[in-house]
Amino acid sequence: MIRHLLKGAVGPKDNDSRYLLDVHRRDLPGEATMRAYPDNEEVDLCVVGAGAGGSVLAQRLARRGWKVVILEAGPFWHPDEDWVSDEAGSHQLYWTEKRIIGGNDPVELGKNNSGRGVGGSMVHYAGYCPRFHPSDLQTDTLDGVGADWPISYQQLRPHYERVEAELPVAGQNWPWGYPHTYPFSPHPVSEAASVLWRGAIAQGITMRVGPVGIVNGTFGNRPHCIYRGYCLQGCKVNAKASPYVTHLPDALAHSVEIRANCMAARVELDPSSRRATGVTFIKEGEQIERLQRAKVVAVAGYSIETPRLLLNSATKGFPNGLCNNEDQVGRYVMVQGATQAAGRFPTELRMYKAPPAQVSSEDFYETNPSRGFARGFSIQTVSPEPIGWAEHVLADGHWGRALREYMRDYNHWTTIGVLNELLAEPDNRVTLAEEKDPFGLPVARFDYSLCDNDKANVAFSTEVITDILHAAGAQDVLTIQRFAHLIGGARMGTSPENSVVDAHQRSWAVPNLYLADGSVCPTQGSANPALTIMALSSLLAEHLGSRPATERSRL
Amino acid sequence: MRDLSKPDHLPNLREGGQPPEPSWLPRQRRGITPQMIGRYPDYDVFDTAETWDPATARVIAERMEVRGSFAFFTPDEQPTLRALCDVAVAQDAEPRIPVPELIDEKLAAGRLDGYQYADMPDDRETWRLTLAGLDEVTAERHDGYRFAGLDSRSQEAVVENFSKAQLRSASFDRLNITRTWSVCMRMILAAFYSHPWAWNEIGFGGPAYPRGFMRLGPTSTREPFERPGATDEDPVRTVTEGRA
Ligand SMILES: Cc1cc2nc3c(=O)[nH]c(=O)nc-3n(C[C@H](O)[C@H](O)[C@H](O)COP(=O)(O)OP(=O)(O)OC[C@H]3O[C@@H](n4cnc5c(N)ncnc54)[C@H](O)[C@@H]3O)c2cc1C
Ligand code: SF4
């Protein structure tokens, strides 16, 4: 109730990031004075990956006095110079090292789902921050598909609230899932999104504004959004939430060291005790291996790179990859179906204005047996910039003069998308490819195939958004079938036979090795994953941080 | 001229799936567009260039300078590449956006997209095989010709087959042709629509930091510097009477 009344007025405790940021510069404050631990000092925690999960864990535990080093493969961003208000110029934000994709329905990686650099994928995520529904954590029990999580929604809920206050999330009161409110008021809605909303209303579908991790008003030294629409290219304004602005400033102020351009090559193990001793890494340009020693290791490289690192860390005791004696590492990687349909309208809508993430619906989120498939999907407005729009037109089968014509018509179009919950399958899997990266490390191969339930879900949802466009009065409709988001790959579960980590995200095989990213999720719902990944890390930090410091070497 | 609130110029709604001849479009009066046609004859994204942040302005200035030189494609491959790029985005006259050069720059720098299909080679190899394949297909259909030497009709026919995965040749048989089409087209489109001339053609607002956008609708979706799509106005009268 208080949360509800005091919109925007109550900030998070225990996280000063918003005040530490500079009003005039976008650089992460504290880089120049950042703590530097020698490699041979055994720090309390070595995190691999400065993304959504890794950053929250580091920030939380640093506040508890842990000495933390984060190894990050990508660069330490200086947004004023490095990020641009330009689609093609943002290429360096993505993980563009080679990965091999296979299966019946290969998933394109790179700009579509993988970031690289301090802040991780959220640097260029769209900003939608919905929670998972309670049912997502029990899909096996409720619907006989997927898996049950070994934790409950109620365990996660306080951490959702905490992270929502830290990002901060703006949106209308949320009627779906576990109903809740947001700390910041909803943003104004562009005409391009309003047209879609009116179509939904005509179809009897409820939509609500948000939830987006974008400042509405001001938040400490973070300004209001300027509606320039380049969220997927990195927010140069500091309005959009990413760990770079929400957790890493506070982490640096609490003596965390972020070692950028450092690719983790292997998690090292003491052969006798089977405990992790640290992480071997290679700094770009140095070509020599270094070892950062640590009492606890947390891997947070996301669904492709976390399994890859474990598989690349094979030892005598783990000949098929670390933690992989039960053949679970890399399995159950999920993506969401992300079909987008665009409609043509008589007036100029100029969908490139305002963030792509504006209005969404979870009316179709839960299983409805009459639809003929398990689980469901959400609906969200999106808005491709010109290159994205060209890919959309191409996907509808146009090239040459026809494509140029549709492109010239850009300003008359608006776009709506879905996120389908696609089910977890053991053979949708990350393995190692023959090919090596420039450091000589085998790259990941990701095989993906849809099951019948997935196909039925995608087909049904495509019809729903097409109907919304027609109800809104669209004069022509173009559709692109695609995937978005990654999750799973080293899931949590109830036993080593069905998972890689336990309910505390601790690996079954190595007592002081934790996974702290999207790879641990057993299901994905139809919600965008970043908020949940952060909330899980927050929960993990609470668990680890509540132990007395003397116990760290025995965790 | 057409009423732009109507969709009758859109390929899906027309017989044959092709748009009207570009002659219905106004000639560009401000700034440059590819082939000097577009829907926003009085709009030039560079009019706002002084509002762009320096990092963005630099990236765009560098893009505008890409022209003329090749580091990845061999002199033998270049004519085929150029012909494919021209047909793929219907660039049939000057001024042209230098799509082949932009692609060459990307491939030479190894700026790939972060994934490779298991049944496909590296994108760089895909490009070489594609260009070889287009010449092989052409040689078979039109004795002694190379793809670049064909008239535009015949080139379009080959590309139409390419888009439908209907080409066979020694080089194409080493590729999954459906994926090849997508790899090549997406690189061509990313080059073309990264170029400010294309933004002028489609009326895109361009870089917007630190300025932002104010007009989200519903009253107006047009910033003061943005221009409405071409209307029924007679361009000759517009120019002589000075109405912008
Ligand atoms: C275009 C796009 C739009 C998206 N939109 C949304 C959205 O609207 N809402 C939403 O919730 N989610 C969205 N996402 C997804 C979201 O960004 C991710 O789910 C989330 O950031 C994943 O968090 P993570 O901690 O698991 O991994 P990441 O944030 O990806 O962090 C992993 C980090 O680890 C580093 N790393 C990996 N391997 C190594 C190694 N071996 N050594 C050192 N460092 C390593 C990587 O460089 C990276 O920085 C979007 C993603 C993309 C790409
Ligand atoms: S639209 Fe808002 S949140 Fe998105 S990049 Fe621009 S200022 Fe940032």
Side-chain angles (χ1 to χ4, degrees), chain A residues 80-89 91 94-102 106 108-111 114 188 190-192 194 226-230 236-237 344 346-350 352-354 386-387 390-391 394 398-411 445 475-476 478, chain B residues 4-7 9-13 17-19 22 25 38-39 52-53 55-56 59-60 63 87-90 111-119 156 159 163 185-186 189-190 192-194 198-199 201-205 207-218 221-222 226 228-229:
Chain A
D80 287 326
E81 295 88 47
D82 298 341
W83 298 352
V84 290
S85 224
D86 179 67
E87 247 182 317
H91 192 262
Y94 318 126
W95 190 286
T96 53
E97 280 300 336
K98 190 176 287 181
R99 291 152 163 178
I100 308 295
I101 55 173
E108 297 183 349
L109 301 168
K111 76 170 178 179
S114 330
S190 74
E191 181 60 7
S194 302
I226 63 170
Y227 302 112
R228 66 185 188 122
Y230 281 92
K236 284 193 83 144
V237 176
R344 203 272 179 186
T347 54
E348 284 179 17
L349 296 171
R350 298 188 183 252
Y352 54 86
K353 300 180 186 198
I387 296 173
E391 288 172 0
L394 174 71
H398 306 280
W399 57 274
R401 291 197 299 121
L403 177 130
R404 285 277 291 278
E405 189 62 46
Y406 273 114
M407 292 302 298
R408 279 192 288 266
D409 213 43
Y410 177 56
N411 284 339
R445 172 180 172 133
Q475 300 162 304
D476 187 8
L478 300 184
Chain B
L4 287 175
S5 69
K6 298 222 175 74
H9 55 289
L10 296 174
N12 277 353
L13 307 180
Q18 285 298 323
L25 294 163
R39 278 270 289 278
W52 302 347
D53 66 284
T56 304
V59 163
I60 294 184
R63 192 171 302 151
V87 174
V89 285
R111 266 188 286 127
L112 304 182
D113 289 334
Y115 55 88
Q116 176 184 322
Y117 288 96
D119 57 357
E156 280 176 23
V159 173
S163 77
M185 275 310 284
R186 289 171 64 162
L189 294 176
F192 191 82
Y193 288 103
S194 72
W199 303 341
E201 180 189 13
I202 69 174
F204 172 58
Y209 176 79
R211 179 200 65 220
F213 290 118
M214 284 278 288
R215 278 64 172 190
L216 309 183
T221 55
R222 210 180 288 135
E226 291 174 327

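From a predicted model like this one, the values you see are computed outputs, not experimental measurements. Chain letters run A, B, ... following the sequence lines, proteins first, then strands; residues in each count from 1. These values consider heavy atoms only, across backbone and side chains, with no hydrogens, waters or symmetry-generated copies.
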Checklist entry - Do you know which of B:Gly212, B:Ser163, B:Pro207 has the most heavy-atom pairs with chain A at a distance under 4.5 angstrom? => result B:Pro207

Item to check | A:Trp95: partners by ring-ring contact (aromatic ring centres under 6.0 Å, His included), with sequence neighbours left out | outcome: none

Checklist outcome for this item: Correct closest heavy-atom pair for B:Arg63 and A:Gly89 would be NH2-N, 3.5 Å

Checklist entry - Which residue out of A:Glu405, A:Arg404, A:Lys111 racks up the most heavy-atom pairs below 4.5 Å with chain B? => result A:Arg404

Checklist outcome for this item: With chain A, the option among B:Gly38, B:Ala55, B:Gly17, B:Gly217 that has the most non-hydrogen atom pairs under 4.5 Å is B:Ala55

Checklist entry - Where does A:Gln475 contact chain B at under 4.5 Å (heavy atoms): side chain, backbone, both or neither? => result both

Checklist entry - Shortest non-hydrogen contact from A:Gly102 to B:Ala118? => result CA-CB, 4.1 Å

Item to check | Side-chain donor or acceptor of A:Tyr406 paired with backbone N/O of B:Asn12 under 3.5 Å | outcome: yes

Next on the checklist: Could you report the tightest heavy-atom contact between B:Tyr115 and A:Gly110, atom names first, then the distance?
Outcome noted: CD2-N, 4.3 Å

Checklist outcome for this item: Heaviest contributor of heavy-atom pairs below 4.5 Å to chain B, chosen from A:Arg228, A:Lys353, A:Glu191, is A:Lys353

Checklist entry - Hey, which of A:Ile100, A:Asp80, A:Val237 has the most heavy atom pairs under 4.5 Å with chain B? => result A:Ile100

Checklist entry - About how many Å separate CG of B:Asp119 and CD1 of A:Ile101, when rounded to the nearest 0.5 Å? => result 9.0 Å

Checklist entry - Between the main-chain N or O of B:Gly229 and the side-chain N or O of A:Glu348, is there a donor-acceptor pair closer than 3.5 Å? => result yes

Checklist outcome for this item: Of B:Met214, B:His9, B:Met185, B:Arg211, the largest count of non-hydrogen pairs under 4.5 angstrom with chain A goes to B:His9

Checklist entry - Checking heavy atoms, do the side chain of A:Leu349, its backbone, both or neither come under 4.5 Å from chain B? => result backbone

Next on the checklist: I'd like to know if the side chain of A:Ser190 reaches the main chain of B:Leu216, judged simply by a donor and an acceptor atom lying under 3.5 Å from each other, with no hydrogens or angles considered.
Outcome noted: no

Checklist entry - What are the two closest non-hydrogen atoms of A:Arg344 and B:Ser5, and how far apart are they? => result NH1-O, 3.2 Å

Checklist entry - Is A:Trp399 close to B:Leu189 at the side-chain level, that is, under 4.5 Å between some pair of heavy atoms? => result no

Next on the checklist: Quick check against the 3.5 Å criterion: does A:His91 have a side-chain atom that pairs as donor or acceptor with the backbone of B:Leu112?
Outcome noted: yes

Item to check | Residue pair B:Gln116 / A:Arg445, side-chain heavy-atom distance below 4.5 Å | outcome: no

Checklist outcome for this item: Comparing B:Trp199, B:Phe192, B:Trp52 against chain A, the one with the most heavy-atom pairs below 4.5 Å turns out to be B:Phe192

Item to check | chain A contact via B:Val87 - which portion, at a heavy-atom distance below 4.5 Å | outcome: both

Checklist entry - For A:Glu108, is it the side chain, the backbone, both, or neither that has a heavy atom closer than 4.5 Å to a heavy atom of chain B? => result both

Next on the checklist: Keeping B:Thr221 on the side-chain end and A:Arg350 on the backbone end, is there a donor-acceptor pair under 3.5 Å?
Outcome noted: no

Checklist entry - Is there a donor-acceptor contact under 3.5 Å from the side chain of B:Tyr209 to the main chain of A:Lys236? => result yes

Checklist outcome for this item: Of all heavy-atom pairs linking A:Leu394 and B:Arg186, the shortest is CD2-CG, 3.9 Å

Checklist entry - Just how far is it from atom NE2 of A:His398 to atom CG of B:Leu10, taken to the nearest 0.5 Å? => result 9.0 Å

Checklist entry - For the side chain of A:Asn411 and the backbone of B:Gly203, is there at least one donor-acceptor N/O pair under 3.5 Å apart? => result yes

Next on the checklist: Taking B:Gly114's backbone N and O only, do any of them form a donor-acceptor pair with A:Arg99's side chain (distance below 3.5 Å, no angle check)?
Outcome noted: no

Checklist entry - Under a 4.5 Å heavy-atom cutoff, which of A:Tyr230, A:Tyr410, A:Tyr352 has the most pairs with chain B? => result A:Tyr352

Item to check | Whether A:Glu87 side chain and B:Ala190 backbone form a donor-acceptor pair below 3.5 Å | outcome: no

Checklist entry - Looking at B:Ala90, B:Gly205, B:Pro11, which one has more heavy-atom pairs under 4.5 Å with chain A than the rest? => result B:Pro11

Item to check | Residues forming a side-chain hydrogen bond (donor to acceptor under 3.5 Å, both in side chains) with A:Asp82, sequence neighbours excluded | outcome: none

Next on the checklist: Measuring only between side-chain heavy atoms, which start at C-beta, is B:Val89 closer than 4.5 Å to A:Met407?
Outcome noted: no

Item to check | Atom of B:Asp53, atom of A:Ser85 and distance for their closest heavy-atom approach | outcome: OD1-CB, 4.3 Å

